[in-house]
Structure formats: C-alpha cells, structure tokens
Amino acid sequence: MAVRKNQANLTATEKRTFVNALLELKRTGVYDGFVRTHDQFIMSDRDDSDRVGHRSPSFLPWHRRFLIQFEQELQKVDPSITLPYWDWTVDRSVNSSIFGADFMGGNGRSRDAQVTTGPFAYSTGKWNINVQAENSPFLQREMGAAGTLPTRAQVDAVLAMPVYDTAPWNSASEGSFRNYLEGWRGAGRVHNNVHVWMGGHMATGVSPNDPVFWLHHAHIDKLWSDWQRMHPSSAYLPAAGTANVVDLNDTMRPWNNVTPAQMLDHSAYYTYA
Ligand SMILES: [Cu+2]
C-alpha cells in the first residue's frame, strides 16, 4: 500500500528518487501541464459564479484528485514514489531540512528572488519556468517576507470545526471547516498563508511551478483526512441542487468523471504515515 510520509522522515534515497522524478516530468513537459491546469482554475474560479478548484466546497476533493493524478505521473517514472507532505507547523524555518540543497533548495536571493541552491536552481538548466515565464524564467521565493506560517494551535482550531462547508459556499463562508482550512477566514488563514509565506511563484496562480506546492497540498489533504477521522458523522456539503457549486455527486472539471463522493476516501490510493 502506498504511504505518504512526512517529508522530514524521508531517507536520502527517497529524497533523491522524488527529486529525480520531478526533474523527469519537467523535462518531458508533463509537469508544466499541471501548472497550466492549476492556473486556469485559479483564473476562472469565482465567488459569484462557477467555482471548482478554489474558494468552494470542492477545493479539497479537487486538489485530492489533482495530487493523485500528479502522483501517478511520478509513479510512472518510479513506482516506489508517493507524495511527501510538509507539516509547516513543525518545519517552519528557512533552515529546515526541506529547504536543503538535497531536496527543495533554499530561499531566493534578495536581488531578484531567484532560487540559486538545490535541484531547482535556474543554473542547473533543468528547471526553467515556462508557464508565465514573462515574470521570470527562474524559480522565485521570498520566504517569510510576507504572511506567517500557521501554528499548530491555529490548525487545531480549524480541525475542531464540525461543519464541512456553509452557504454561500465561497470565500465568505463562516463556520466552514473548508473555508477556514483554505484560509479565506480565520486567524491562521491556513492554506493561503503558506502560499503567501513562501512568496515568489508559490504566491501566484502558477504556484505549482514550485515543487513545494505538492508537499504543501499533501499536508492540506492530510488535514482533511484527520478532520474526517475526528468528525465521522460530518458529511461533505452541499448535498445537491446548488448553483455554480460542485455538489456531492456532481462531476468535477477538468476530469468530468469524478465526484466529491468518490474522493472522500483516499485509502484506495494511499494512506498517511
Ligand atoms: Cu494551494
């Protein structure tokens, strides 16, 4: 059974295997397809009209499906791979091992926010930014320049919320686990704040240009799983008949063959260590 691990517990071999598969998907163009898809949804998801990937109940099942598809591409390169997750409530420093030269590489330099260390540094010639490269052809980060990483207490406060989502099913939803985890509401601004803290590409619609995207979203996905275990009688909402929103049994774009109901249980695909 595939097990997604905390990135802090990966062996040197597991880190190398994961990085090499990322570079291979980049080389073949598969990687940039994922960046483009994410950006298309960021640009089209609207609070007052159709919304699927973000600012809506399907934020969590959409990203779960997106990550599974990406993980399956990595597994075509090496079947032993699973997505690791980054628990930013614990590993919250620029000096954390996740940002080592053997894994995700470090912060951007001050002049132009260019990442110059690790496998995704522009100088390697293996990680050119191709989707929205007009902003910069190199990966950018400005860690800690804006935003703050959520604390464990802030995450626990969100996990304690018993209702999955509430009307109006967007970034204004109150009392909504989904919206407080996504981070449009709440002291921690949980998921959104991590994007802001990373800065550079992670703070934009083309955030998957930074491989940290996958580790961040794997942690968000794990928190959804943790929440389900804490609230076994809380269901995905809305159940049916909601305009502009993906109800429990509606199919989600871009796949059009998968529903939130089919994404509620991840154990057919992976478990969490
Ligand atoms: Cu995100």
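Hydrogens, waters and symmetry mates play no part in the numbers below; they use all other heavy atoms, side chains included. Counting starts at 1 for both ligands and their atoms, in listed order.
- Between NE2 of His191 and NE2 of His217, the angle at the Cu ion (ligand 1) works out to 100°, rounded to 10 degrees.
- Paired with Ile129 under the rule side-chain contact (heavy atoms from CB on, under 4.5 Å), one option of Asn209, Val35, Asp210, Val206 passes, and it is Asn209.
- Put simply, His54 stays out of reach of the Cu ion (ligand 1), with no N, O or S atom under 2.8 Å from it.
- Rounding to the nearest 0.5 Å places OH of Tyr164 at 10.5 Å from CG of Asn179.
- Closest N/O/S atom of His195 to the Cu ion (ligand 1): NE2.
- Taking the six-membered ring for Trp, Phe59 and His191 have ring centres closer than 6.0 Å.
- Under the 3.5 Å distance criterion, with hydrogens and angles disregarded, no donor-acceptor pair is assigned to the side chains of Asn244 and Asp50.
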